[in-house]
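The next block holds one structure in the form of C-alpha cells; read it before the comments.
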Amino acid sequence: MSDYAARVENLGKNFGGILAAEEITFQVREKEIMGIIGPNGAGKTTIFNLMTGVYPPTAGKVFLGDEDVTKLAPDVIVKKGVSRTFQNIRLFKRLTVLENVVTALDLNYPLYNIGEALFLNLPFLKGKVKRAEKDLRDKAMSYLDTVGIAHLAGNQADSLPYGLQRKLEMARALALEPKLLLLDEPAAGMNPEESMDLARLIQKVQKDFDVTVLLIEHHMDLVMYLCHHIFVMNFGRELAQGSPEEIQENPAVLKAYLGEGRSNG
Amino acid sequence: MIQAISVTGLAVFTGFTGLMSLGHAAFIAVGAYTAAICTKTYGLPFIAAIPLAAIMAGLVSLVIGIPTLRAKLRSDYFTIATLGFGEAVRVLLENLSITNGARGLASLTKYSTLPRAAIALAIVVFLAKNFVFSRYGRMAIAIREDHVAAEMAGINLFNVRLRSLFFSAVCAGVGGAFHAHYIAFIQPNMFTNVQSTLLTASVVAGGIGSLTGPVIAALLFASIPELLRAAEMWRLVVYGGVLVAIMVLRPQGIFGYREINHLFRRKRPAVVAEAAGSSADGGDDS
C-alpha cells in the first residue's frame, strides 16, 4: 500500500573496518526519477549493490514496496522487479548484442524445458523450440529498438563503442521487465550533448515502460533536468536530500562539490 | 573415441560454465565401475548398463556439486575441491568390496566396438549441442562471461552450474562404461588426477567455449601417443610438446569460442572474429 517503489532504512555496509555506507535512509516514490549524487568513493554504487543483493548490508533494511528484501539473493530480487546497469559495464561480452537481451528475457519467458531443449532436433519438438527462440529474438529486437541499437543486433557485444554498450545494458535491464530500474552512471564518458540525448531516452523509457528510476550520475545538467528528487552522499553518509532546486542551493552540497572558498577553482 | 565422449561432457561444463574441473576421472571411474558391475556381476546387457552408468555418475556429481556450487566457490577454489573429490572417489573404490579393491575388476567382455563408440559419441555430441544452443547453454555462457551480471539478469547460478555439471558427469559416465568394456579390465589407479588433467587439457587445447574443438583435440591426443609408438619413450615428450605449442600459438585453443562449422559458414565481421584472439587492439576505435 505504500507510495514508495523502494525504501532503505539506516542502511550500512562495513568492509573490514571501512564504512562504505552508514545510516542511509531514503525513499523512492512510485514512477518518479530519483538521483543519487556525490563525489567519487562516496558509496553510491555500494547502495545499489546493497539494494540488489550483491552483498548483504551490515546494518539496516531494504524494502521493495512493503516487502523486506534485505537478505535475498540477487536473482530473487530481480524476480521481484528490480533490474540495474553497472558502472563498469558488465555485458556478456562474447555474446551478440541480441543474445545479451535474449538472455535477460529468459526470466519472464522460459518457453521450453530441458527435455525439449535436449531433444530439440527431433521432428515433433523442433517446431516448438525454434518458434520459442524466434519469439524471444523478436521481443529482444523491440527492446534494442527502444534504445536505438537494433541495427547492431548481430554484432558481438564488446565490439560496440562505450556509449552504445551502456544503452545495451539498459535494454537488457528493461528486458527483465522491472518495476524499479537502477542506472549506475548511464552517461559516464558522454559529452553534454550525448548525455542530454540519454536524459530524453531515460524519460521516454520511464513513461513507456511505466517504471520507477533510481540513477547515479555525475553529469549535473542531466541530474537536474531529469530527477524529481535527489539524494546526496559524501564519505558514505547522507549529505542532503531534496528537490533539484533545494540541492543546488544547499550550502553543505556546495562545499562538498566546490571546496571551501573555492581555492582550487 | 571413448575419451572424446567424456571430453564432450567436460567441454560443456568448463567451456560454457567457466569452471575448471580436475576431478572428472572420478565420474569416468564411477561410470566404468557401475557398468562393469552391471554386466559382470548382474549379467545385464551392455545397452542397459550404459544408462545406469550415466545416471550413477550424474548422482555422484550432485554429491560434489551441491555443496561446492551452493557455496559459490570461485573458480580456483572449485577446482581444488574437485581435485580432492577425484582422489576421494579413487580411494573409495580401492576400499570397497563391491569394486574388488585395488585389484580391480578383470575379464570384462569387450562390448566397446568402434561403431558402438562412434554412435555413442554422436549421440552425446548431439545432446551437448542441443544443450549449449538452448536457453540453458545461453545462461551458462552468461555466467561464464560475467556472473554478477548474470545474477542480475535473474539467473540462478547454482541451478545452471549444477545442471551443466550433472550433464558433464553423465557424459563422463557413458565414457567410463565404454572404457571399461574396451580395456576389459579396470582398477582404481586407472582413474587418477593425471587422467582428469588430460581431459581438461583436451578441452583447453581444443578451445574453451567450443564443442567440436575439444572433441577433435581428444581424438588427436588419443591418437598421437599411438602414432608415435615407434618413438618409444619420446612419444610422451612429443605429446607434451604439442600441448605447449598449441598454448603458445593459439592460447584460445584450436577452435576457441567457435565451432568448426563457423569457419565455413557464419560470416561474422572479421574484426569481431579477430578480437577474441588479440587483446591489444582496443585502442583503434577511438
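Lettering follows sequence order; numbering is per chain, from 1. What you see is a predicted model, and the numbers here were worked out from it, not measured in a lab.
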*Determine the option with the most heavy-atom pairs under 4.5 angstrom with chain B, choosing from A:T103, A:D106, A:L176.*
A:D106
*If you look at every heavy atom in B:A149 and A:F92, which pair is closest and at what distance?*
CB-CE2, 3.9 Å
*Checking heavy atoms, do the side chain of A:K79, its backbone, both or neither come under 4.5 Å from chain B?*
side chain
*So which part of A:L136 gets closer than 4.5 Å to some heavy atom of chain B, the side chain, the backbone, both or neither?*
side chain
*Do A:R94 and B:E145 meet the salt-bridge criterion of a basic N to acidic O distance under 4.0 Å?*
yes
*Is the count of non-hydrogen atoms from other residues, nucleotides or ligands lying under 6.0 Å from B:M20 atom CE greater than 12?*
no
*asked:* Suppose we screen for salt bridge (charged side-chain N to carboxylate O under 4.0 Å, His left out). Which residues come up paired with A:K139, at least two apart in sequence or across chains?
replied: none
*To the nearest 0.5 Å, how far apart are CZ in A:F48 and CE in B:M152?*
10.0 Å
*Is it the case that more than 12 heavy atoms not belonging to A:H219 sit under 6.0 Å from its NE2 atom?*
yes
*Give a yes or no on whether B:M56 atom CE has more than 12 heavy-atom contacts from other residues, nucleotides or ligands under 6.0 Å away.*
no
*Is B:E151 paired with A:R90 through a side-chain N to carboxylate O contact shorter than 4.0 Å?*
no
*Counting a contact as any heavy-atom pair under 4.5 Å apart, which residues of residues 183-190 of chain A contact chain B?*
none
*Any chance you could measure B:D146, atom CG, to A:I89, atom CD1, to the nearest 0.5 Å?*
11.5 Å
*What part of B:A150 is in contact with chain A, defined as an atom under 4.5 angstrom from a non-hydrogen atom: side chain, backbone, both or neither?*
both
*Reported CD1-to-CG distance for the pair B:I155 and A:D75, which is rounded to 0.5 angstrom*: 9.0 Å
_For the CZ atom on A:F15, are there more than 12 heavy atoms of other groups (residues, nucleotides or ligands in this structure) within a distance under 6.0 Å?_
yes
